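Structure, as structure tokens:
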Amino acid sequence: MQTFNFDPVELPPAAATLRQEVREFLIEHNAQRSPLARAQSWSGSDPDFSRKMGERGWIGMVWPKKYGGQERTSFERYVLLEEMLVAGAPVGAHWVADRQSGPLLINFGTEAQRQKYLPPVTRGEMFYCIGMSEPDSGSDLASVRTKATKVDGGYLINGRKIWTSGAHTAHTMIALFRTRTNENNRHDGLSQFILDLREPDGTDLKEKNGIFVRPITSMLGEHHFNEVTFEDAFVPDTQLVGSEHNGWSQVMAELAFERSGPERYLSSIQLLLEMIKSLSDNPTAQGHTAIGRLVAHLITLRQMSVSVAGKLNAGEDPALEGSIVKDLGAVFEQEIPTIAQQTFGVEPTLGDGSDLEQVMGFLVQNSVSYSLRGGTREILRGIIARGLGLR
Amino acid sequence: MSEIRTMLAETVNRLLADIVTAEMLTKAEQGDWPEALWRAVEDNGLTMPLVSEKNGGVGCDWLDAMVVLHGAGRYSAPIPLAETILASWLLDRADLQPPMGPMSFASGAENAELQFKAVGTNWQISGTAERVPWGSTVEHLVVLAPMAGELRVGLVKKGCFEVTSSQNMAKEPRDTLVFNNAPVELVGVATGLPDDSGRLFGALLRAIQIGGALERSLHESVLYVNDRTQFGKPIGKFQAVQQNLAQLADEVAAVGAAGTAACAVIDMALKGQAEVDMVFRIAAAKARASEAAGKAASIAHQAHGAFGFTYEHILHFSTRRLWSWRAEYGTGDFWAEKLGQQVVDIGADNLWLHMTATD
Ligand SMILES: Cc1cc2nc3c(=O)[nH]c(=O)nc-3n(C[C@H](O)[C@H](O)[C@H](O)COP(=O)(O)OP(=O)(O)OC[C@H]3O[C@@H](n4cnc5c(N)ncnc54)[C@H](O)[C@@H]3O)c2cc1C
């Protein structure tokens, strides 16, 4: 018997129809973006683009209609995502809400929370960020120390989150805090909260609420993630998500969404496409071999990724298969810039140069983060080893 | 999984796990023909899964047959099971009824001078075919050669050609066959298949078998590292070992998926979806599998230490096949270049369209 099953999945006809609609939408709304801008992939964000997707019903499209969703199948959502990623569309603003925060609220949130926090997401008007990591808690997430202390009517938050992508622009944060200490069980006593960072109209609420955001500049010189400090930040009881102290199992369910999507192997696709364009102009046997090898990986990863989507759709838990796709996917995403450089003998550049050179310049640097974000390579391989029965 | 697929998987795994032992493999390497093994697979209907019912087969599709090919790779079955499955299917495609007994195939696209000739109402074949798997052993050989815009398929009986024996690294027969106006027993034209089908489908067989041998290498490695103790604990408890085996598991999973993707597309193509691109997926599967073979074999050996370097340990039966199979019917680079050329022809703007056309 095969250890892992990546069974072929037949996508429903509705998915093919949607794929066509998305392609037409992208011709209208994404054709003018430069290859370098496209290379930002799902980190690239454009609130206007998100609103246009919202108008089409393409954010939270699998959610219940009463929360603004369309009740479409997860296969349709999958097709939408891969088309957006391959086109390098600026989907970053709504990405985490669509992927994990919305499903979290649907699974664990109160009715009032769903009513308030889901419909604006589907309109492309409310963006989320994720406050999990802390300065002393990276891979070892259960060690988070930022405290939510029970007070009358709510909680007082003290501590610090870090690497929080988009905290400076987001309206909302889903954060993991410690609500009690249990010496015998680190996983006990964690709780998730939904925090208001901005009014729907964009008015900043953070400092007023005791939340302070400091930009952290990435090595590319970009402002993408942040440090977020909480100083006696008051959060009303209504903002607790799910059950108090039970945040760990909720977060684990959330991570399954975070790790299993097509964004985990497609982040460097723009460079692959630029390589193909360059090779059409100037064909070499070495170039063909390099591209063919990468496309063999691409075809394989897509087969695996679609199959994981099939398992999710069938209500199975593909945590192991998802980890395999993310591990191989990040290797693939990181190989592309290296191979591009070997194959074309051009220097990666920043700011000027050909599309190939610029996209390479961006991805040589940015891709180092692809095996860190969302669970590091070593952590994923640990999950796979556990699946093999070694741990 | 379809019912028939589950049944085939159970049958092949049960039979081969019982019969194919290290002793049998050792004897086979010394030239013994494992008749009992052949009888078992033939009697259980594993040799002709792809042949239509009207020609005496089971009428399965490639996704079903894949589990048998995978099993043949997994257990290092020292018989031409994969070759017979393909040879019988090629006959069936030409609407010829396959004979019983072990078969292999030789193809005129790589062995350019292999040619059919009509002599009155009979047909003859002439030319040389190199490195034909099990060419010295099989009862019948299926010969393919493009002729007048068609892919001609003929059946030649053992003894009608000269054999010079050779072997691959795994001591599987890879023989040179010389045909000198050899009589062709049955002849026909295979429809819907490209001229280089011998190499193309040969590559697919090997890609799937590699997936099986990888799976076995992983299985043996997990057993070994859980059993072998050093520094007071099973070596599988060391994180460095775990991280290596996780990468081996990645490769196993990827090669399985690549083979599945190829088989799924062939099944669509054969159901008449002409736009479906078999070559694209088979090239990808063989390129991916050949790459995985080397990487995975070295991880498996590393985990096994010196024990895995002995003839006594069973691991080498899988890894020597991996190193052989990755080169047979085109190396990874051969197929990567072919695929790359095709990708450049398709163009960056249409690549994704092409990839999603078969959903
Ligand atoms: C671009 C980017 C965006 C991010 N966005 C967010 C966000 O929006 N919200 C958020 O909460 N977090 C975010 N993160 C943080 C991310 O989740 C962490 O980087 C990740 O969990 C790893 O934590 P760390 O960086 O502290 O590394 P560490 O955990 O300190 O790891 C450093 C190295 O040690 C290895 N290591 C650690 N533990 C083990 C172990 N047990 N066994 C073997 N090796 C080990 C790791 O694999 C890694 O190689 C982001 C990170 C990046 C790079």
Side-chain angles (χ1 to χ4, degrees), chain A residues 1-8 10-11 15-16 19 23 79 82-83 86-87 269 272-277 279-280 283 285 287-304 306-307 321 323-325 327-328 331 378 380-391, chain B residues 1 9-10 13 63 67 70 211 215 218-219 222 225-226 234 236-237 239 241-243 245-247 249-258 260-261 263-264 280-281 283-288 291 332-333 335-349 351-353 355-356 359:
Chain A
M1 287 292 158
Q2 287 177 245
T3 315
F4 308 106
N5 266 313
F6 288 92
D7 290 332
E10 226 173 288
L11 297 177
R19 192 188 294 286
R23 284 178 182 163
V79 162
E82 60 175 9
E83 289 299 320
V86 171
I269 189 80
L272 185 64
L273 298 177
E274 288 306 317
M275 289 167 74
I276 296 169
K277 286 183 202 160
L279 213 52
S280 317
H288 287 148
T289 307
I291 287 289
R293 181 179 162 273
L294 290 172
V295 171
H297 281 256
L298 179 69
I299 291 170
T300 305
L301 283 162
R302 176 165 192 265
Q303 173 77 19
M304 298 169 91
V306 173
S307 178
E321 286 84 356
S323 298
I324 289 176
V325 178
D327 185 25
L328 283 171
V331 171
E378 289 73 16
L380 295 171
R381 290 182 180 167
I383 294 171
I384 298 164
R386 177 170 294 126
L388 294 174
L390 300 180
R391 305 176 53 204
Chain B
M1 267 217 256
E10 277 168 14
N13 285 297
L63 277 172
V67 302
H70 191 271
E215 185 110 29
L218 174 64
H219 177 74
V222 169
V225 303
N226 276 334
K237 295 290 166 211
Q239 202 187 39
V241 173
Q242 293 175 354
Q243 298 265 315
L245 292 201
Q247 288 181 75
D250 282 351
E251 297 302 299
V252 171
V255 173
T260 302
C263 288
F280 190 76
R281 305 281 166 155
K286 185 60 163 64
R288 187 66 187 85
E291 181 182 336
D333 274 2
W335 286 107
E337 187 183 346
K338 232 174 150 61
L339 180 61
Q341 218 148 26
Q342 203 187 339
V343 166
V344 170
D345 290 344
I346 291 166
D349 292 340
L351 173 63
W352 192 252
L353 215 71
M355 279 181 58
T356 53
D359 282 349

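Chain naming here is simple, since letters A, B, ... match the order of the sequence lines and numbering starts at 1 in each. None of these values were measured; they are calculated from a predicted model.
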Any side-chain heavy-atom pair of [X] and [Y] under 4.5 Å:
X	Y	value
A:Glu82	B:Thr356	yes
B:Ile346	A:Ile276	no
A:Met275	B:Val343	no
A:Phe4	B:Glu215	no

Using a 4.5 angstrom heavy-atom cutoff, name the option from [options] with the most pairs to chain B.
options	result
A:Leu298, A:Ile383, A:Ile269	A:Leu298
A:Arg381, A:Glu10, A:Arg386	A:Arg381
A:Ile291, A:Ile384, A:Leu380, A:Thr300	A:Thr300
A:Leu273, A:Leu11, A:Leu328	A:Leu328
A:Val295, A:Val331, A:Val86, A:Val79	A:Val86

Write down the atom of [X], the atom of [Y], and the distance for their closest heavy-atom approach.
X	Y	answer
B:Ala348	A:Lys277	CB-CG, 3.6 Å
A:Gln303	B:Ala261	OE1-CB, 3.3 Å
B:Glu337	A:Ala285	OE2-CB, 3.6 Å
B:Ala287	A:Ala296	CB-CB, 4.0 Å
B:Lys237	A:Leu390	NZ-O, 3.0 Å
A:Ile299	B:Met355	CA-CE, 4.0 Å

Heavy-atom distance under 4.5 Å to chain A: side chain of [X], backbone, both or neither?
X	value
B:Asp349	side chain
B:Asp333	both
B:Leu351	side chain
B:Leu63	side chain

I'd like to verify something: which residue of [options] has the highest number of heavy-atom pairs under 4.5 Å with chain A?
options	result
B:Arg281, B:Glu291, B:Lys338, B:Gln342	B:Glu291
B:Gly332, B:Ala254, B:Ala264	B:Ala254
B:Gln247, B:Glu251, B:Lys286	B:Gln247

Name the region of A:Glu378, side chain, backbone, both or neither, that has any atom closer than 4.5 Å to a heavy atom of chain B.
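Answer is both: backbone and side chain atoms of A:Glu378 are under 4.5 Å from chain B.
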Spacing of A:Met304 atom CE and B:Asp250 atom CG [to the nearest 0.5 Å]
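So the gap between those two atoms works out to 7.0 Å.
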Please report the interatomic distance CH2(B:Trp352) to CZ(A:Arg19), rounded to the nearest 0.5 Å.
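Rounded to the nearest 0.5 Å, the CH2-CZ separation comes to 7.0 Å.
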